[in-house]
Amino acid sequence: MAIATNLGFPRIGEKRELKTLLERFWKGQIDESALRDQSEELQRRHWQWQIEAGIEHLPVGDFSLYDHVLDWVVRVGGIPTRYAGLDGLAQYFAMARGTQGEDSISAMEMTKWFDTNYHYIVPEWTEDQEFTPNFAEFLEEVKRAQEIGSQPRPVILGPVSLLRLGKARGGDFDPLTLLDRLLPVYESLLKELQAIGVAWIQLDEPCLVLDLDEPAQAAIRTSTERLAAATSGLKIVLGTYFGDLRENLPLAMSLPVAAVHLDLVRAPGQLTEALPLVQVGQLLSLGLVDGRNVWRTDLSAALGLAEQAVDALGADRLLIGPSCSLLHSPVDLTAETSIDPEIYPWLAFARQKLEEIERLTQAINQGRASVADCLQENAEILARRKASTRTTNREVRERLSHVTTEMTVRQLPYAQRTVEQRDKLSLPLFPTTTIGSFPQTAEVRRQRALFRQGKLGETEYQAFLERETEACIRLQEDIGLDVLVHGEFERNDMVEFFGERLEGFLVSENGWVQSYGSRCVKPPIIFGDVTRPTPMTVPFTRLAQSLTEKPVKGMLTGPVTILCWSFVRDDQPRSETCRQIALAIRDEVLELEAAGIGLIQIDEPAIREGLPLRKVDHADYLAWAVESFRLSACGVADATQIHTHMCYSEFHDILSAIADLDADVISIETSRSQMELLDAFVDFNYPNEIGPGVYDIHSPRVPTTEEMVTLLEKAAQVIPTERLWVNPDCGLKTRDWPEVEASLRRMVEAAGNLRGVVVSV
Ligand code: GLN
Ligand code: ZN
């Protein structure tokens with residue numbers, strides 16, 4: 001019999017319970033035991049749901065209080081020495097978030113998990129790195145799952161992926177050289193798991209979908225062989241996801257593991273290649289249900305793949321599951337009450353995906369006839385979606401077919417545009433600005449909630465937002481910033497806001513997915529062709545500009561980011577959807593310009609994460625991504641300054657594409673990596689203006705003026721001063737006013753100090 005499995009479940013909770021718990025704990029409102037008890041209760045509920053849905057191999061250990069990569073750093077004893085003075089949760093959260101106060105410690109870096117919008121904490125490896133096992137909590141978790149009568153399948157982040165996901169500190173060495181030292185720790189874990197009666201483990205080596213050089217491939221082989229040898233009784237399912245194994249497929253299929261999991265949603269074609277490579281007695285785990293999107297599975301098509309595997313191997317040798325962990329899916333569609341009834345049946349969230357896995361498994365084990373009604377209903381839903389008029393808008397398609405190259409280039413090159421912009425804006429050297437958002441206080445959120453619940457009238461809410469905007473303008477003037485923003489008080493989220501205003505999108509009520517730690521996002525769902533019925537940002541931007549003599553920067557989210565941070569329709573290429581969004585943003589840009597806004601920022605923080613995981617696929621993506629950005633930006637006059645902003649990604653490998661965006665100014669996060677990124681910009685000789693973030697906005701810590709001066713001096717050594725901007729790493733929405741005000745005052749002071757130095761030179 002095929003076995004129904006899962007690879008991981010969302011941790012955050014249907015109502016974001018984990019977020020609430022964490023935030024209460026950080027504020028000192030609950031103690032550690034309450035945090036632990038209540039998060040265990042949450043885990044138990046999630047296990048229960050999976051068991052009830054018929055999942056036989058229950059993923060355990062995938063839960064985390066902040067991040068699973070950080071958990072593995074702790075479990076293998078890879079804690080950076082600067083946290084050595086702390087222990088327990090204080091140490092754990094210090095690594096994730098840094099600490100405040102006199103002996104403040106900076107947080108570890110964060111970056112995106114493969115091509116998802118989930119951020120993991122980047123392990124820091126030193127050449128003399130030692131490892132020590134620290135598995136007590138992990139084992140407790142497994143035992144708790146055993147107590148409720150399930151068959152827990154512990155999820156283990158494999159040693160090669162763990163090392164590779166980290167970065168080498170204090171020296172140029174390959175983290176994989178640490179493998180020999182790391183493996184004994186994993187071996188000890190596997191022995192302990194076997195000792196407590198675990199039958200299966202899920203050993204995730206997602207790095208198998210990346211381009212691996214020979215040493216990395218060899219590391220996968222050595223490590224998997226050693227782990228398999230350490231515990232002959234334990235069955236390993238080797239987890240791969242987010243893509244195609246390509247040249248790594250023969251390697252993965254030749255390892256001594258009980259099963260290999262393949263993502264057949266992203267890469268259905270690899271099934272045919274994999275089947276002949278399945279070893280005698282080995283099982284194959286089929287990732288048939290999309291863990292990364294919200295569409296109902298085409299059950300018949302999925303069964304087609306499964307049946308191909310049944311023919312080759314027999315049902316007994318199959319595991320059926322999602323393409324990847326369901327971490328990236330919202331929790332429960334049935335919690336939605338206001339989704340358009342025509343579109344609702346097209347959707348499936350994590351709990352519905354579990355049902356799909358169960359149905360597929362049943363169809364394989366008992367034949368299609370045993371789930372005939374369900375298959376029939378599924379086919380009808382898919383047919384209705386396909387035929388729906390809600391997905392097509394002729395006008396947009398027509399307009400898109402007439403896009404010309406001229407629409408994607410500015411009139412003059414940067415060197416000439418900048419002269420016009422300088423004349424028009426007359427900014428000082430080291431102009432100071434922010435990335436857009438100001439604190440989304442409890443009060444802002446409360447008013448929004450009241451408005452949404454219909455308890456606050458439109459006029460009152462509008463008046464409230466206008467007061468906030470005005471206060472924000474006044475404060476920015478008082479602080480002495482050079483380029484102001486309106487503050488984004490009317491926005492819940494930089495993508496959802498646009499999703500609510502664009503046609504072709506729908507926004508769920510509870511469709512949250514974890515972004516990092518306690519932070520969640522609610523990606524809008526793009527189901528149809530995109531249009532902009534009315535201006536989206538013009539009124540608040542215009543208002544802000546009317547309140548001040550200083551220039552106000554308009555604030556938009558770019559087409560690639562809207563695409564990447566939405567659940568995207570799966571019935572047309574992503575590039576097509578992106579271009580549609582670009583046209584809508586272009587209209588908004590032009591309307592801002594017409595309203596007298598001289599600087600417009602089009603945020604593209606997600607451009608890097610949209611990059612395909614394999615190098616050979618990069619050029620194609622970058623071409624349409626860059627073209628979409630330019631389509632959105634290039635309609636303006638040369639004197640209008642286009643900004644863009646990026647953060648929390650490895651930008652090194654796409655610098656030439658970033659330059660191709662041809663934004664006049666880019667603000668970019670750098671402080672978490674101590675301006676390392678800047679070196680890359682310098683090596684590349686970035687041609688336009690840059691604002692390297694001078695302080696980390698993810699930490700409540702107020703930076704000192706001196707440290708920002710130091711960072712700016714570092715930047716000024718490598719970037720011509722007339723092209724250098726001064727700004728924080730990212731938007732300030734998650735911070736509180738007192739720290740924002742204090743930080744920005746010091747930032748302005750730091751810029752002032754530099755102006756003094758430069759003038760006196
Ligand atoms: N303008 C947005 C803000 O300030 C940018 C956020 C982001 O880069 N993620 O919040
Ligand atoms: Zn940012």
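For ligands, and for the atoms within them, numbers begin at 1 and follow the listed sequence. Quick note: residue numbers are just sequence positions, from 1. Every value quoted in this text rests on a predicted model; they were computed, and no experiment measured them.
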Nearest-contact summary for atom 6 (C) of ligand 1 - protein heavy atom, Å: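 The closest heavy atom on the protein side is Met494 SD, 3.3 Å.
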List ligand 1 atoms under 4.0 Å from [X], heavy atoms only on the residue side.
X      : answer
Gly436 : 4 (O)
Glu488 : 1 (N), 2 (C), 3 (C), 4 (O), 10 (O)
Cys647 : 8 (O)
Gly731 : 3 (C), 4 (O), 10 (O)

Does [X] come within less than 4.0 Å of [Y], counting only side-chain N to carboxylate O?
X      : Y      : answer
Glu627 : Arg579 : yes
Lys167 : Glu109 : yes
Glu749 : Arg745 : no
Asp662 : Arg410 : no
Asp696 : Arg701 : no
Asp660 : Arg630 : no

Contact check: [X] vs ligand 1, nitrogen or oxygen atoms, below 3.5 angstrom:
X      : answer
Asp603 : yes
Met555 : no
Lys733 : no

Degrees at the Zn ion (ligand 2) between the SG atom of Cys647 and the SG atom of Cys730, nearest 10°: 120°
Sub-6.0 Å ring centroid separation between Phe242 and His328: yes
Region of Ser437 engaging ligand 1 - heavy atom pairs below 4.0 Å: both
